[in-house]
Amino acid sequence: MIVCSVCRHREVEGELFCSECGARLSIDGTDQAGGTAASPPPDPVTSDLLKRLAPGQLALVVGDNAQPIILEGRSEYLLGRDFSSPAAHEIDLNTYGGRESGVSRTHAALRQERHRVVLVDLGSTNGTRLNGSLLKTNLPTVVESGDEIRLGRLRMRINFVP
Amino acid sequence: MFGGDLYNLLGVQREASNSEIRAAYHQAARRFHPDANSNPGAAEEFKLIADAYAVLSDADRRAAYDASLENSAAPLLTVRATFSRSPLPVLTEPQVLYALIGIEPAIADDLPTPPVNLCLVVDRSTSMQGQRLDQVKAAAMAVIDSLRDVDSFSVIAFSDKAEVVVPAQRGTAEKTLAKARVSTISAGGGTEILQGVLCGLTELHRNLSSSAINHLLLLTDGRTYGDEEDCLLLASLAASDGIVVSALGIGDEWNDRFVDELAGRTGGTVGYISSLDNVAAFIGEHVHRLGNVYAERVTIQAMLDARTQLATVFKVQPEAGPVPDNQPLRLGTLFKRKPAAILFKFVLPPLPAGDHCIARLVITSDVVSVGRRGERVTLDLALPAVINTPPPAPPPALVEALSRLSQYQMQERAWQQAAQGDLEGAVTRLRTLGTRLMAGGQPELARLTLNEAARLERTSLLSEEAKKQIKYGTRALISGPAPRRQPQ
């Protein structure tokens with residue numbers, strides 16, 4: 001199976017365009033759980049990062065920053081900026097140009113549920129996108145390792161050990 | 001008698017040794033043995049392979065066959081396949097494989113124009129009154145003027161019943177009389193396509209020849225009721241007699257789905273005209289193109305290997321259109337200096353490492369421009385499957401064709417959703433399609449699509465006109481030139 005990175009529609013291996021939204025399917029959108037024997041190996045940076053991650057840890061690679069933000073020990077993390085006295089679960093994105101990129105003060109949340117990670121937009125001004133598609137406010141959406149998250153114009157990639 | 005090359009049939013070179021021939025025979029026989037492969041055509045192919053082996057495995061018979069080859073001409077069609085993935089990845093799940101089959105005339109020289117046996121079938125229902133009918137009549141007269149001695153021509157007018165306006169006549173005889181008759185066609189009555197097509201085929205049969213281009217051009221602006229099934233049956237019969245049926249739909253009322261199927265069964269094409277100014281030009285162009293025919297009655301018999309499934313077939317070049325899945329697949333006409341391209345979508349079973357046969361395509365045609373009938377070429381589709389290599393990038397021509405085909409299919413699904421009452425889904429799909437068209441450098445078609453989405457959302461009603469414009473617009477893109485990409 002391949003999953004369309006735009007609309008999450010599933011297609012048979014070898015398909016080149018999503019039948020749902022017409023997007024070109026990328027080869028690295030291959031679903032690992034689908035029993036694919038010949039999927040391309042992840043790029044060295046990601047695989048190196050994944051090796052260092054413990055189960056339960058989430059790694060956010062913001063923009064081109066080499067150093068990922070590691071999230072651990074909580075079931076919910078708030079993504080935003082200008083927190084008055086940031087608690088451990090509040091991730092201040094001002095260090096990454098959050099304000100200039102249109103990140104809201106309380107923009108979105110990442111939640112670790114039993115077997116999955118979900119992303120929720122908390123009513124942000126400029127919206128939250130998962131692999132390009134806009135999330136509905138307050139509707140939790142399942143995130144896979146390697147997905148691209150966009151808060152306003154700020155791009156980041158999330159990685160974790162599934 | 002078998003018209004193809006026995007070496008080609010076994011998949012070996014002319015110089016092959018006896019042991020190579022034996023190995024190739026065993027492989028080919030295993031693929032098509034009735035016990036192993038129950039797909040249509042497999043048993044017939046098995047028999048041909050066995051007959052070929054009987055000749056090539058006997059030294060005397062092979063020598064005699066080789067001698068006969070010396071005297072016969074080179075193949076007249078060049079065929080080749082490009083794949084979306086080559087090699088294939090080893091997978092534990094099914095996978096899709098696209099194959100773009102190119103068929104080209106092997107002779108690029110100027111060739112004489114074969115005789116044309118043409119019948120114009122004109123809808124004269126009340127709605128054709130005025131400019132529509134005037135345009136069609138003017139076009140018919142221009143066609144009469146362009147006829148040569150060897151050509152044959154007839155005109156049928158139909159409403160609820162059909163009449164022969166110009167009976168099948170040879171070329172230059174009585175041109176003035178024929179034109180006078182065309183000028184008497186007047187509008188009135190309903191639209192019963194069956195009557196018109198039946199009458200047209202009768203006229204074509206008077207001069208039917210396998211060395212000619214036998215062509216029926218249907219001009220209609222209306223819907224036929226109740227006789228669709230009979231029409232389709234007639235089209236299948238026409239196809240087996242070697243007649244191609246093409247159609248031109250004028251305005252918004254005609255039933256595009258039905259007319260597509262009607263023409264598709266014979267390998268013909270369907271044009272759509274919204275502006276009346278183009279009617280005469282379109283007919284003129286259509287008939288003029290018949291003068292550039294290289295081969296007629298091009299068909300592909302797709303014989304699948306035991307575990308291959310054929311999902312869809314779509315004609316990409318020279319003119320895009322769906323190919324109905326009745327075997328043999330009818331592709332109609334191959335023009336001089338213009339390759340045809342047909343896109344096959346296969347679904348393959350989970351593949352272990354090693355070489356895999358996918359299907360055997362047998363392409364046949366009457367190469368009317370050089371007067372050779374029953375030309376036959378065999379193309380074996382086979383690819384290796386390998387472990388752990390990232391699949392190579394698919395060929396750009398194939399990606400381009402698929403990209404445009406996916407847009408065409410999106411609008412098809414949008415109309416389907418709208419017809420099933422899922423208006424919201426149809427609106428969303430049209431919007432997405434509009435965005436894709438815009439990004440693909442098609443601003444006009446994009447705007448048309450986005451406007452239609454807005455209209456559907458506002459009024460819950462589709463415009464037949466916009467629907468046909470989007471359908472035939474996105475279809476024309478498939479065979480059209482590469483678009484101008486907008487800077488990102």
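These numbers come from the heavy atoms of this one structure, side chains and all, not from hydrogens, waters or symmetry mates. So you know, we letter chains A, B, ... as the sequences are listed, proteins then strands, and number each from 1.
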Asks: Might you point out which heavy atoms bring A:E20 and B:M410 nearest each other, and give the distance in Å?
Replies: O-CE, 4.0 Å

Asks: Where is the tightest heavy-atom contact between A:S19 and B:R413, given as atom of each residue plus distance?
Replies: O-NH1, 3.2 Å

Asks: State, to 0.1 Å, how close B:S84 and A:L16 come at their nearest heavy-atom pair, and which atoms those are.
Replies: CB-CD1, 4.2 Å

Asks: Go through the atoms of B:L88 and report whether side chain, backbone, both or neither lie under 4.5 Å from a heavy atom of chain A.
Replies: neither

Asks: Please report the closest heavy-atom contact between B:V96 and A:E15, naming both atoms and the distance.
Replies: CG2-OE2, 3.8 Å

Asks: Give, as side chain, backbone, both or neither, the part of A:E11 having an atom under 4.5 angstrom from any heavy atom of chain B.
Replies: neither

Asks: Backbone N or O of B:V399 within a donor-acceptor pair of the A:R24 side chain at under 3.5 Å?
Replies: no

Asks: Give, as side chain, backbone, both or neither, the part of B:V347 having an atom under 4.5 angstrom from any heavy atom of chain A.
Replies: neither

Asks: Okay, side chain of B:E93, backbone of A:M1: is any donor-acceptor separation there less than 3.5 Å?
Replies: yes

Asks: So for atom CD, which belongs to B:E424, do other residues, nucleotides or ligands contribute more than 12 heavy atoms lying within a distance under 6.0 Å?
Replies: no

Asks: What part of B:L402 is in contact with chain A, defined as an atom under 4.5 angstrom from a non-hydrogen atom: side chain, backbone, both or neither?
Replies: both

